[in-house]
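Below, read A as the first sequence line, B as the second, and so on, with proteins coming before strands; counting in each chain starts at 1. Heavy-atom basis, side chains included; hydrogens, waters and symmetry copies ignored.
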Amino acid sequence: MKYSPQKIERKWQKIWERKKIYKTKDVQKKSKFYCLDMFPYPSGAGLHVGHLRGYIATDVISRMKMMQGFNVLHPMGWDAFGLPAENYAIQHKIHPEVAVRRNIKNFKKQLSKIGFTYDWEREINTTDPTYYKWTQWIFLQLFKAGLVYESFEPINWCPSCKTGLANEDLERGRCERCGSRVEKRPLRQWVIKITKYADRLLKDLKYLNWPEHIVKMQKDWIGKSEGVEFEMKVFKGKRELKEKIKIFTTRIDTVFGMTYVVLAPENKILEKIKDKIENWKEIEKYKKEVEAKLVEEREKEKTGIKIKGILAENPFNKEKVPIFVSEYVLADYATGSVMGVPAHDKRDFEFAKKFNLPIRKVIEGGQKEGECYEGEGILVNSGEFSGLNSTQAKEKMAQWLKERKIGGKKVYYKIRDWVFARQRYWGEPFPLVFCENCKKKILEGKYKKGEFNKGELLNPGWICVPEKELPVKLPKVKYYEPTGTGESPLAKIEKWVKTKCPKCGFVARRETNTMPQWAGSCWYYLRYIDPKNKRELISKKKEKYWMPVDLYVGGVEHATRHLIYARFWHKFLYDIGVISTKEPFLRLRSVGVILGPDGRKMSKRYGNVVNPDDVCKKLGADSLRVYEMFMGPFDQEITWQERGVVGARRFLEKIWKLKSKIVNCKLQIDKRKEILKILHQTIKKVTEDIETFKFNTAISQLMVCANRIEKEEKIEKEIFENYLKLLAPFAPHIAEEIWQILGHKKSIFLSPWPKWNKKLVKEEMITLIIQVNGKVRDKIEVEASVSEEKAKELAFSSEKIKKWIEGKEIKKVVFVPGKLINLVV
RNA sequence: GCCCGGGUGGCGGAAUUAGAAGACGCGUGCGACUCAAAAUCGCAUGGGGUUUAACCCCUUGAGGGUGCAAGUCCCUCCCCGGGCACCA
């Protein structure tokens with residue numbers, strides 16, 4: 001009989017489904033394994049082979065764990081809110097809801113052909129009201145805890161997507177999604193105080209078994225800076241103003257080198273002191289110019305303007321220095337103002353040169369003439385602090401400021417609060433309404449204690465929708481295109497917007513922004529555990545059993561977005577007692593991108609997309625699976641080559657043929673020993689390599705083993721069965737088919753994973769390498785336990801070796817047991 | 001600019017604690033089977049010497065170093081990929 005994957009694959013997929021062998025049970029006894037993929041956006045383009053790489057890997061591991069006796073949870077679902085789904089809908093003039101339904105159907109169909117172990121009874125969809133009810137619920141808890149605030153500050157606005165964006169959604173000043181240049185635009189926004197969790201998000205990284213580079217990316221993104229903050233007095237002539245300029249620096253040791261101060265154009269202090277500024281009109285003009293610039297443009301230059309008429313006083317030496325406004329100071333980091341120390345900061349150096357400002361050296365550290373020196377060293381020209389080294393000076397100066405109550409140690413983070421609202425249709429509605437009456441009450445202080453929660457007091461007028469009224473359903477609309485006005489399309493649906501205040505019953509209006517794509521993916525891994533729970537987000541018992549996720553697999557592109565947001569929400573849920581774990585994802589592995597056959601990113605635009613359906617049809621799902629795991633290191637980017645799938649298919653053909661050699665009796669003893677040895681070596685290598693994500697070498701070992709077995713006339717049934725089990729996670733259909741042909745009634749995946757015998761794995765005989773001066777000159781078959789004496793004897797008696805050492809003095813002999821002997825002459 | 005990865009045959013890639021460089025696969029060549037082709041099977045396959053053979057030399061981006069021994073460790077440089085980029 002010929003190997004015909006088209007027939008057997010469909011057959012087994014149906015049987016597995018019917019017999020529900022992958023149904024996850026919430027039994028609490030067995031050891032559990034929660035194996036999770038980052039769930040896909042069901043885009044209209046469908047899946048390509050690149051998407052599958054991670055899914056196949058988790059499937060391989062899930063199958064092995066299953067056979068090892070673990071209770072495995074390996075679910076799948078859909079991250080279906082957000083821009084990709086919405087843009088697709090707009091482009092094709094279909095309602096997003098319809099498009100999503102259609103796309104999910106297509107994705108599911110595609111996935112069903114690969115032979116995954118998903119338990120579809122736990123399927124989730126972020127756009128399902130029974131799901132987003134809980135997304136809204138979590139938001140409400142954040143709101144009530146005072147972690148959400150309404151802001152009107154200028155934020156990043158994508159003119160093409162017509163929505164505000166979070167810092168995380170930018171790439172070099174461009175929209176991460178569409179590549180448009182982002183503008184700063186004042187907009188009413190909901191912002192979540194993720195910065196409150198910055199320190200914990202940083203510290204707890206040490207508990208995680210994550211790839212180092214991803215940990216580092218998160219550290220850099222959170223960007224903790226420890227320094228000193230202090231106040232500078234501001235003078236107009238001899239008169240001191242009541243406003244003070246706050247400076248944050250990580251290099252207080254260079255403070256005596258300050259020759260000027262720079263403020264961000266958006267710094268609020270400017271407005272406060274504008275009547276003291278002689279050239280206010282000029283400053284105002286400059287401010288407008290800078291604000292009109294795109295984020296990207298601001299990064300290139302160091303334009304600036306001097307504020308005339310006022311000076312700032314350095315508290316350390318009472319020196320009065322000029323004040324500038326420049327675009328190189330960021331308004332939304334630290335105090336929005338910096339001290340200019342051109343001798344010891346490259347940016348200040350550049351600026352000082354441009355504006356002809358004095359450059360004063362205060363750190364001695366072997367710098368070059370005419371350049372700035374950013375390293376640490378010994379303080380000079382620094383009054384009482386001269387002679388200290390940078391580290392000592394930092395301590396003493398912070399103390400000095402603290403004693404005078406004008407400053408002290410301070411920590412800032414690079415991570416910004418999370419801009420959480422989008423002016424788009426396809427997202428979760430906010431469970432908030434705005435009530436003028438309640439606003440008045442709060443502002444006038446005429447309310448009872450406990451009448452309003454922390455969030456409501458923080459955002460006067462905004463009232464929480466009661467939890468029992470959740471979900472606030474996204475209304476069906478005719479027109480869902482973004483408006484571009486800063487309002488979401490929902491604002492136009494008067495019937496939906498107009499409502500009653502749940503608190504006082506007055507006329508109120510619903511919040512019309514929607515949540516960003518990331519919201520739904522922040523907690524989806526919890527929903528898989530308890531997908532049908534209507535009473536609570538998750539049952540405590542189930543959470544305790546299944547959490548944390550034991551293995552999480554997905555692309556690196558989520559390192560500073562989804563993976564930070566999800567950790568943040570998880571920690572919050574922990575804080576309010578909903579869950580018992582501090583971190584959601586214990587072990588993380590990132591999957592490398594598969595490039596098209598032309599070496600470019602797989603994309604419709606390049607016409608290089610490989611559809612798994614075609615590969616399955618032509619060569620079979622098992623071949624596809626084996627190839628994807630064999631093609632190279634899992635986390636590495638790699639080019640798709642159809643030839644490679646053909647190679648995988650040939651390997652499976654070989655296995656298929658091997659079954660005709662199976663016999664029920666035992667082999668001759670020496671042969672049996674040899675075959676058993678390679679089998680047990682293979683059990684060891686495959687088991688360990690799957691565990692450590694070295695799928696390519698696991699398969700290579702399976703090939704080596706098959707090549708050896710193939711040489712025999714006969715194969716012992718038991719040996720072959722063990723081999724099949726090792727192959728099964730990679731090529732489940734063919735393994736199951738042969739398993740059945742061999743007479744088994746139950747699925748191979750219900751049989752136990754083989755264990756290796758330490759004694760059998762060990763080589764008894766080895767090839768002893770004989771080197772002369774480090775070069776291989778002879779090889780001899782010996783027992784692995786060969787002694788140094790014996791090895792020497794063998795080396796000296798070798799004819800080949802004699803040739804090399806003849807007439808020479810042996811200076812040294814190096815013996816590595818079980819490996820080699822090196823004669824140095 | 002700063003911080004991470006990485007550079008191994010024609011190609012994808014193996015190589016434990018430094019211990020036979022090139023496992024496994026692809027491709028290619030030759031042969032078998034065949035009327036023929038495909039598929040399949042067998043053999044060969046880093047480069048260069050060489051009288052068949054035996055054997056020798058060179059070879060892991062470049063150069064230097066440490067070691068009996070270096071793809072692996074150290075220094076200098078080149079190239080490729082990624083992250084961050086006025087974060088004070």
Side-chain angles (χ1 to χ4, degrees), chain A residues 2 171-173 211-221 223-225 227-229 247-252 254 261-262 264 298-302 326-330 332-341 344-348 350-351 374 412-416 556-557 559-560 626-627 630-633 635-648 650-651 653-654 657 688 694 696-707 710 766-779 800 803 810-825:
Chain A
K2 254 179 72 183
E171 232 168 45
R172 301 277 300 119
E212 233 173 284
H213 70 280
I214 294 188
V215 169
K216 205 183 161 301
M217 276 167 80
Q218 289 215 346
K219 275 187 187 161
D220 289 350
W221 191 264
K224 186 178 184 177
S225 281
V228 162
E229 190 169 290
I247 301 287
F248 172 69
T249 178
T250 53
R251 290 300 304 274
I252 192 68
T254 66
V261 162
V262 203
R298 274 186 72 163
E299 285 174 1
K300 286 180 197 147
E301 286 180 279
K302 270 191 188 52
S326 170
E327 63 188 331
Y328 89 91
V329 179
L330 302 174
D332 57 354
Y333 180 72
T335 61
S337 39
V338 302
M339 61 178 198
V341 185
H344 303 291
D345 182 283
K346 237 188 293 179
R347 296 155 301 181
D348 298 345
E350 215 180 295
F351 190 78
E374 293 192 305
Y412 277 103
Y413 297 91
K414 266 207 276 202
I415 193 170
R416 302 293 138 90
V556 222
E557 67 272 18
T560 53
V626 168
Y627 171 59
F630 182 61
M631 62 196 305
D635 57 358
Q636 192 180 295
E637 194 174 88
I638 205 152
T639 307
W640 180 268
Q641 284 177 312
E642 183 167 336
R643 289 247 156 243
V645 197
V646 175
R650 284 210 276 255
F651 165 60
E653 294 272 4
K654 181 181 288 182
K657 275 183 214 153
E688 289 173 350
K694 292 196 275 188
N696 53 335
T697 48
I699 290 179
S700 141
Q701 180 65 30
L702 284 169
M703 288 170 169
V704 170
C705 186
N707 291 346
E710 196 193 17
I766 54 127
T767 311
L768 183 76
I769 307 300
I770 307 175
Q771 297 180 333
V772 178
N773 285 347
K775 294 206 172 194
V776 182
R777 297 303 181 188
D778 201 4
K779 305 159 196 176
K800 285 178 190 167
K803 212 168 78 190
I810 305 288
K811 286 182 188 153
K812 197 174 171 184
V813 177
V814 181
F815 177 69
V816 182
K819 282 244 160 71
L820 58 77
I821 182 159
N822 187 10
L823 312 176
V824 187
V825 296

Could you give the distance separating B:C77 and B:C26 at their C1' atoms, to the nearest angstrom?
35 Å

Presence of donor-acceptor pair under 3.5 Å, side chain of A:Lys346 and base of B:C86:
no

Nearest-angstrom distance, P atom, B:G27 to B:U76
44 Å

Need one value for A:Lys216: base, sugar-phosphate or nothing, where a base atom within 4.0 Å counts as base even if backbone is also close, heavy atoms only.
sugar-phosphate

Do any N or O atoms of the protein come closer than 3.5 Å to N or O atoms of nucleotides 19-28 of chain B, and which pairs are they?
residue: B:G19; atom: N2; partner: A:Gln771; partner atom: OE1; Å: 3.4
residue: B:A20; atom: N6; partner: A:Thr767; partner atom: OG1; Å: 3.3
residue: B:A23; atom: N3; partner: A:Ser700; partner atom: OG; Å: 3.4
residue: B:G25; atom: OP1; partner: A:Asn707; partner atom: ND2; Å: 3.3
residue: B:C26; atom: OP1; partner: A:Arg650; partner atom: NE; Å: 3.0
residue: B:C26; atom: OP1; partner: A:Arg650; partner atom: NH2; Å: 3.0
residue: B:G27; atom: OP1; partner: A:Arg643; partner atom: NH1; Å: 2.5
residue: B:G27; atom: OP2; partner: A:Arg650; partner atom: NH2; Å: 2.7

Would you check if the side chain of A:Glu374 reaches a backbone N or O of A:Lys346 as a donor-acceptor pair within less than 3.5 Å?
yes

Report the distance from atom CD of A:Glu637 to atom P of B:G7, rounded to the nearest whole Å.
15 Å

So, is A:Gln636 near the phosphate of B:G13, with a side-chain N or O under 4.0 Å from OP1 or OP2?
yes

Would you mind reading off the distance between A:Asn773 atom CG and B:C68 atom P, rounded to a whole angstrom?
11 Å

Complementary nucleotide for B:C55 - Watson-Crick or wobble, under 3.5 Å:
B:G49

Would you compute the distance between atom NZ of A:Lys800 and atom CG of A:Asp778 and round it to the nearest 0.5 angstrom?
4.5 Å

Atom-pair distance (CG on A:Asp345; C1' on B:G1), nearest Å:
13 Å

Can you tell me, in whole Å, how much space there is between the C1' of B:U66 and that of B:C30?
47 Å

Side chains of A:Asn707 and A:Lys654: is there a donor and an acceptor less than 3.5 Å apart?
yes

Distance between C1' atoms of B:A15 and B:C84 (Å, rounded)
34 Å

What is the separation between atom CE on A:Met217 and atom P on B:G83, rounded to the nearest whole Å?
7 Å

Under 4.0 Å, heavy atoms only, any strand: does A:Val556 hit a base, just the sugar-phosphate, or nothing?
nothing

Inter-nucleotide C1' distance (B:G31, B:A21), Å rounded:
30 Å

Approximate separation, where rounding is to 0.5 Å, of A:Trp640 CH2 and A:Tyr627 OH
6.0 Å

How close or far is atom P of B:C3 from atom NE2 of A:His213, stated in whole angstroms?
18 Å

Taking only the P atom of each, what is the distance from B:C73 to B:U60 in whole angstrom?
15 Å

Taking syn as a glycosidic torsion within 90° of 0 and anything else as anti, which one is B:G67?
syn

B:C57 and B:G61: how far apart are their C1' atoms, nearest whole angstrom?
22 Å

Exercise: identify the closest heavy-atom pair between A:Ser225 and A:Thr250:
CB-CG2, 4.1 Å

Indicate, with a heavy-atom threshold strictly under 4.0 Å, whether A:Arg416 touches base, sugar-phosphate, or nothing.
base

In whole angstroms, the gap separating C1' of B:A88 from CE of A:Met339 amounts to 8 Å

Is there a Watson-Crick or G-U wobble partner for B:C43 with both distances under 3.5 Å, and if so, which one is it?
B:G29

Glycosidic class, syn or anti, of B:G5 using a 90° window around 0
anti

Ion pair present between A:Asp345 and A:Arg251, side-chain N to carboxylate O less than 4.0 angstrom?
no

Partner of B:A15 under the Watson-Crick or G-U wobble criteria, both distances under 3.5 Å, comes out as none

Of A:Tyr412 and A:Thr639, the one whose closest RNA chain B nucleotide lies more 5'
A:Thr639

What's A:Lys694 touching, base or sugar-phosphate or nothing? Going by heavy atoms closer than 4.0 Å.
nothing

Looking only at heavy atoms, what is the nearest atom pair of A:Lys414 and A:Asp220, with distance?
CE-O, 3.3 Å

Could you report the tightest heavy-atom contact between A:Val824 and A:Asn773, atom names first, then the distance?
CA-OD1, 3.4 Å

Hey, does the Lys NZ or Arg CZ of A:Lys302 hover above the aromatic six-ring of A:Tyr328, less than 6.0 Å from the centre and inside 45° of the axis?
yes

Rounded distance in Å - CG (A:Asp348) to P (B:A88)
12 Å

A:Val824 near the nucleic acid: base, sugar-phosphate alone, or nothing, with a heavy-atom cut-off under 4.0 Å?
sugar-phosphate

Under 4.0 Å, heavy atoms only, any strand: does A:Ile638 hit a base, just the sugar-phosphate, or nothing?
sugar-phosphate

Please figure out whether A:Lys657 or A:Ser225 has its closest RNA chain B nucleotide nearer the 5' end.
A:Lys657

Can you see if the side chain of A:Tyr333 gets near the phosphate of B:A88 - specifically, an N or O under 4.0 Å from OP1 or OP2?
yes

Nearest-neighbour nucleotide for the A:Trp221 side chain, B:G13, B:A88, B:C84 considered
B:C84

Base-pairing assignment for B:G5 (Watson-Crick or G-U wobble, both under 3.5 Å)
B:C80

To the nearest 0.5 Å, what is the distance between CD on A:Gln701 and NZ on A:Lys694?
12.0 Å

Length of the line joining A:Ile415:CD1 and B:C84:P, which is rounded to integer Å:
13 Å

Same-atom distance (P) from B:G71 to B:G19, integer angstrom
10 Å

